[in-house]
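Computed from a predicted model, the values in this text were never measured in an experiment. All values below were derived from every heavy atom in this structure, side-chain atoms included, with hydrogens, water molecules and symmetry-related copies excluded.
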Amino acid sequence: MTETNRELAFIEVYMKDAENVSSLTEDERYDLIVRLSEGDSEVAEDLINSMLLYVAEAAQNYRDKGVHFGDLVQDANMALMDVINEYDASPDEFYNIVDEAITESFENSIADYQKVAKASQELANKLNKLDDITKTMSAKLDRLPTTKELADEMNCSESEIEYLLKASLDAMAVNEDSHIMDDLSGINDTLKIDDEPLDLDIKDDDPLDWNF
């Protein structure tokens, strides 16, 4: 994902702000780490603030992987807070533990993004297939096919066809220029199930298990 000018501006501002907040020297920060390891929880907030730039610099290595920089930093800061608030190791282990936690956070954020992107692509592929089949069957039958006919042709359930049609209409509301949505825009009014108008009032609890 190419970073937009707005995203780049956010990164620049965030890095400057983090640098201003993280004003402790290394020795001062180490003193806080020692106190933290000895059970002094009052240093947690100052230590977290002193590590904000550290986390932001680490996040730089995970840019251009689909996840916005702000989301990477936010998730990593949460991981940092968890480490500091629950810290019970020696001072010398502090950076290794923090690095492991924020690295895992970055990787989880990217994995979650890729999962969503894959699901979105799977849905787009299904919508494209439905679009093509609807065109072909409409030309062959000289009418719009029923959901049962579409389901038989796509080898899926009628519930899935209804879900795809609902998804196509939702997407059309967001992007009226989509060729899939333009071609399917009349289906909600004209498609029949056993000669009855199709009701696309799909419930929120999706009956399908997509298995993405």
Side-chain angles (χ1 to χ4, degrees), residues 1-127 167 170-171 174-175 204-206 208-212:
M1 178 183 68
T2 302
E3 292 170 327
T4 64
N5 290 335
R6 182 177 181 181
E7 177 78 355
L8 292 172
F10 169 83
I11 294 171
E12 182 179 357
V13 171
Y14 185 90
M15 295 298 289
K16 289 181 179 178
D17 288 346
E19 186 174 359
N20 291 333
V21 173
S22 306
S23 58
L24 297 181
T25 66
E26 286 297 323
D27 288 341
E28 290 172 333
R29 182 188 295 168
Y30 186 75
D31 287 341
L32 293 182
I33 296 171
V34 171
R35 291 172 58 185
L36 181 71
S37 67
E38 293 174 347
D40 186 355
S41 60
E42 293 184 0
V43 305
E45 183 176 353
D46 288 340
L47 188 53
I48 290 169
N49 288 336
S50 76
M51 294 290 291
L52 294 179
L53 182 60
Y54 184 90
V55 170
E57 289 175 342
Q60 298 275 18
N61 297 322
Y62 294 85
R63 289 169 57 180
D64 297 326
K65 296 184 183 294
V67 182
H68 289 294
F69 180 82
D71 294 333
L72 286 172
V73 170
Q74 179 177 338
D75 291 344
N77 283 339
M78 293 296 295
L80 171 68
M81 292 172 62
D82 288 341
V83 168
I84 290 178
N85 289 330
E86 300 173 6
Y87 198 77
D88 61 358
S90 70
D92 293 339
E93 297 177 273
F94 179 79
Y95 284 103
N96 285 337
I97 294 174
V98 168
D99 287 343
E100 289 179 4
I102 64 176
T103 296
E104 181 179 6
S105 170
F106 294 143
E107 292 175 350
N108 287 341
S109 296
I110 292 168
D112 288 344
Y113 166 82
Q114 292 174 342
K115 182 178 180 180
V116 171
K118 180 180 178 182
S120 297
Q121 186 59 55
E122 293 267 1
L123 178 58
N125 291 342
K126 286 176 180 285
L127 289 172
D170 288 344
V174 176
N175 182 6
D204 290 338
D205 49 334
D206 174 15
L208 305 178
D209 181 6
W210 294 88
N211 294 320
F212 289 151

Which residue pairs pass the salt bridge (charged side-chain N to carboxylate O under 4.0 Å, His left out) test with at least one member in residues 37-50, sequence neighbours excluded? R35-D40
Run the ring pair (Phe, Tyr, Trp, His ring centres under 6.0 Å) test against Y95 and tell me which residues pass, sequence neighbours left out. Y54
Is there a donor-acceptor contact under 3.5 Å from the side chain of S105 to the main chain of A101? no
I97 and E86, any side-chain heavy atoms less than 4.5 Å apart: no
Stepwise side-chain contact (heavy atoms from CB on, under 4.5 Å) check, L53 with V21: CA-CA 8 Å; L53 182 60; V21 173; over 6 Å; no
Could you grab the distance from atom CG of L52 to atom CE of M15, nearest 0.5 Å is fine? 11.0 Å
Side chains of residues 69-78: which donor-acceptor pairs under 3.5 Å do they make with residues two or more places apart or in other chains?
from: D75; atom 1: OD2; to: S109; atom 2: OG; distance (Å): 2.8
from: N77; atom 1: ND2; to: Y14; atom 2: OH; distance (Å): 3.1
from: N77; atom 1: ND2; to: V73; atom 2: O; distance (Å): 3.4

Just verifying a value: how many Å separate L32 CG and M51 CE, rounded to the nearest 0.5 Å? 11.0 Å
Check side-chain hydrogen bond (donor to acceptor under 3.5 Å, both in side chains) between E93 and all other residues, then give those that pass, not counting sequence neighbours. S90
CG/D82 to CD1/I48 distance, rounded to the nearest 0.5 angstrom? 9.0 Å
May I ask you to check whether over 12 heavy atoms, not counting those of N5, lie within 6.0 Å of atom CG? no
Return each pair, listed once, that meets salt bridge (charged side-chain N to carboxylate O under 4.0 Å, His left out) where at least one residue sits in residues 8-30; pairs must be two or more places apart or across chains. E12-K16, E26-R29
Is it true that atom CD of Q60 has more than 12 heavy atoms of other residues, nucleotides or ligands lying nearer than 6.0 Å? yes
Using the test side-chain hydrogen bond (donor to acceptor under 3.5 Å, both in side chains), find all partners of E100 that sit at least two apart in sequence or belong to another chain. none
Among all residues two or more places apart in sequence or in another chain, which pass the side-chain contact (heavy atoms from CB on, under 4.5 Å) test with S37? Y87, P91
Who passes side-chain hydrogen bond (donor to acceptor under 3.5 Å, both in side chains) against N125, sequence neighbours left out? Q121
Can you list the residues that meet the side-chain contact (heavy atoms from CB on, under 4.5 Å) rule with D112, with sequence neighbours excluded? none
Contacts of A44 meeting side-chain contact (heavy atoms from CB on, under 4.5 Å) (sequence neighbours excluded), chain-then-number -> I84, N85
Give me each pair satisfying ring-ring contact (aromatic ring centres under 6.0 Å, His included) with a member in residues 18-47, each pair once, sequence neighbours excluded. none
Atom CG in L36, atom CG in D31: separation rounded to 0.5 Å? 12.5 Å
